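Everything on this sheet refers to the single structure shown next.
The chain is numbered in sequence order, starting from 1. If you're wondering where the values come from, they're calculated on a predicted model, not measured in any experiment. The analysis underlying the following values was restricted to heavy atoms, covering all of them including side chains, and did not include hydrogens, waters or symmetry mates.
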Amino acid sequence: MSTDRFDPYDADRPLLMKCGCGRDHTVAEHNADAAAATAQLRTRADAMDTEAHSRDFLEATLVKALFPHEPMRRNFMRAVGRSTAMAAIASVLPIAPLQAMAQDKAAPEKRDLKIGFIPITCATPLIMAHPLGFYSKQGLDVQVVKTAGWALIRDKMINKEYDATHFLSPMPLAISMGVGSNPVPMHVATIQNTNGQAITLHVKHKDKRDPKQWKGFKFAVPFEFSMHNFLLRYYVAEHGLDPDRDIQIRVVPPPEMVANLRAGNIDGYLGPDPFNQRAVYEEVGFLHLLTKTLWEGHPCCAFGTSAEFIQKNPNTFAAMYRAVLNASAMAREAKNRELIAKVISPQAYLNQPETVVAQVLTGRFADGLGGIQTVPDRADFDPIPWQSMAVWMLTQMKRWGYVKGDVNYKQIAERVFLLTDAKKTMKQLGMPVPEGSYPKFTIMGKVFDPAKPEDYLKSFAVSKQA
């Protein structure tokens, strides 16, 4: 019997009458498209100097963070000249050590690895590094393991069932502090993606675009310690709602969000893609807004591991970092996005219609309101774990009562968000070690200064802190 389309006797797969992605074709046809795209991307990867590409990518990413507004960068370059600009920027950012770690190769202590992921587009670099062979090029034999939810990810990392994982970027902070679990030191090696989220509402609420109309609404987020939760709370609070009294926020695993929306169990969600776009595809939801309009370039997910793993396996950690960094560099290039959508859509990874994933990654998408939007950086893949991002997350954890009392923001941020372990590498190279890299961010028009987290906290009218 052919099992290309369905197998009623397979206990490990749902019995579907079509491809698991929802499209009317066989699994074999879906996988054939993915294999062809994988081969094409592998050819592109083999043709480029990956070390030089990663080095240039890192430097461009760091400079972009220092000058988030393009006119400012150009004016600075024109004013001081290329060589002066390079010297000035190198004096405040750890460019050389980051580039050194991205290329410094030594034999991995551990080769056989399990890396967990949730099937969302945020995990694109981590996922695509597997079929494109980026892990194997670093001497690693990696299993990327699809996981049902974030609590399970947390537990498997704490229990050492996974060597590394796809994290929600606030999770390593919470786990390291023992908030919501036993304390286990965790580290963020890279940010997996920036932007890549949206607020999706049920189609019945198209006439309720003003958040002041949302009193009594039920919203889903993927986890308490997530940018999704913090940004939803921030957004409704800025519109005068108390997220703990005026709306309900419940945790729902991302793959279950669309079904809950369709069933009427929730009115909307602030969730990761592709499930915002999947709601539009299924005609049960519409995109109220992309979260990049709240905070341009905000972090979403991260790639990380435990402090113990890095201590015991520093070369393996560096090899994983190089593999994911190479994938991030490839994912940032617009010309690769349609092919990447084909590679990560199959059942082994996202198990989504290719058109849904392609709309997210290319940034040309239906919004569920009758329009077609073009937003090329709807999802982006900037890997630098700026420690000011961690400080902002900690302020929100304190604002909403997840942590109480005094918080040593700087110490925790620098302990968990490694900035790719730049300080250690700089010491080894005999370079002066900076205090850390703390760019300011603007969230809904309000500037966040990471040097003044308590002042920032006191500035909010709606807050749960005592």
Exercise for the section: Mind listing the closest non-hydrogen atom pair of V203 and F286 along with its distance? Expected result: CA-CD2, 4.0 Å

Handout entry: Non-hydrogen side-chain atoms of I344 and L361 separated by less than 4.5 Å
Key = yes

Exercise for the section: Show the numbers, then the answer: is there a salt bridge (Lys or Arg N to Asp or Glu O under 4.0 Å) between D273 and R378? Expected result: CA-CA 10 Å; D273 276 313; R378 171 178 175 170; 3.0 Å; yes

Problem - F117 side chain reached by H130 side chain, heavy atoms, under 4.5 Å - result: no

Problem - Side chain proximity check, F448 to T395, heavy atoms < 4.5 angstrom - result: yes

Problem - Full working for side chain to side chain contact (heavy atoms under 4.5 Å, CB included) between I120 and F275 - result: CA-CA 8 Å; I120 54 180; F275 295 104; 3.7 Å; yes

Practice task
Compare all side-chain heavy atoms of P243 with those of I249 and state whether any distance is below 4.5 angstrom.
Solution key: yes

Exercise for the section: Answer whether the closest heavy-atom distance between the side chains of R337 and R364 falls below 4.5 Å. Expected result: no

Practice task
For the pair D246 (side chain) and K215 (backbone), establish whether a donor and an acceptor sit closer than 3.5 Å, ignoring hydrogens and angles.
Solution key: no

Problem - Presence of salt bridge, K464 and D242, under 4.0 angstrom - result: no

Practice task
Would you check, one step at a time, whether the test ring-ring contact (aromatic ring centres under 6.0 Å, His included) holds for F317 with H187?
Solution key: CA-CA 11 Å; F317 170 66; H187 289 311; 8.1 Å; no

Handout entry: Face-on cation placement of R399 at Y234 ring, 6.0 Å and 45° thresholds
Key = yes

Handout entry: With Q359, the side chain to side chain donor-acceptor pair (under 3.5 Å) member among E354, Q373, R278, Q277
Key = Q277

Exercise for the section: Using modelled atom types only, decide if a donor and an acceptor are shared between the side chain of Q192 and the backbone of L126 within a distance under 3.5 Å. Expected result: yes

Handout entry: L290 side chain reached by F365 side chain, heavy atoms, under 4.5 Å
Key = yes

Exercise for the section: Taking the side chain as every heavy atom from C-beta outward, state whether D155 and E161 have any atom pair closer than 4.5 Å. Expected result: no

Exercise for the section: Apply the side-chain contact (heavy atoms from CB on, under 4.5 Å) test between E296 and each candidate in D380, D377, T442; give the one that qualifies. Expected result: D377

Completion exercise
Nearest heavy-atom approach of W400 to S463 is CZ3-CA, 4.0 Å

Exercise for the section: Using the side chain to side chain donor-acceptor pair (under 3.5 Å) rule, take R233 and N229 through it: C-alpha gap first, then chi angles, then the decisive distance, then the call. Expected result: CA-CA 6 Å; R233 288 172 170 273; N229 184 28; 3.0 Å; yes

Practice task
Measure from the side-chain N and O atoms of T305 to the backbone N and O of D163, and report whether any donor-acceptor pair falls under 3.5 Å.
Solution key: yes

Handout entry: V280 side chain reached by N276 side chain, heavy atoms, under 4.5 Å
Key = no

Handout entry: Partners meeting ring pair (Phe, Tyr, Trp, His ring centres under 6.0 Å) with F230 (sequence neighbours left out)
Key = none

Practice task
Taking W214 for its side chain and K208 for its backbone only, find out whether a donor-acceptor pair lies under 3.5 Å.
Solution key: yes

Exercise for the section: Answer yes or no: is there a donor N or O on one side and an acceptor on the other, between the side chain of K398 and the main chain of G405, under 3.5 Å? Expected result: yes

Exercise for the section: Please name all residues satisfying ring pair (Phe, Tyr, Trp, His ring centres under 6.0 Å) with W295, sequence neighbours left out, ordered by chain then number. Expected result: W392, F441

Problem - Close aromatic pair by centroid cut-off 6.0 Å: H228 and W150 - result: no

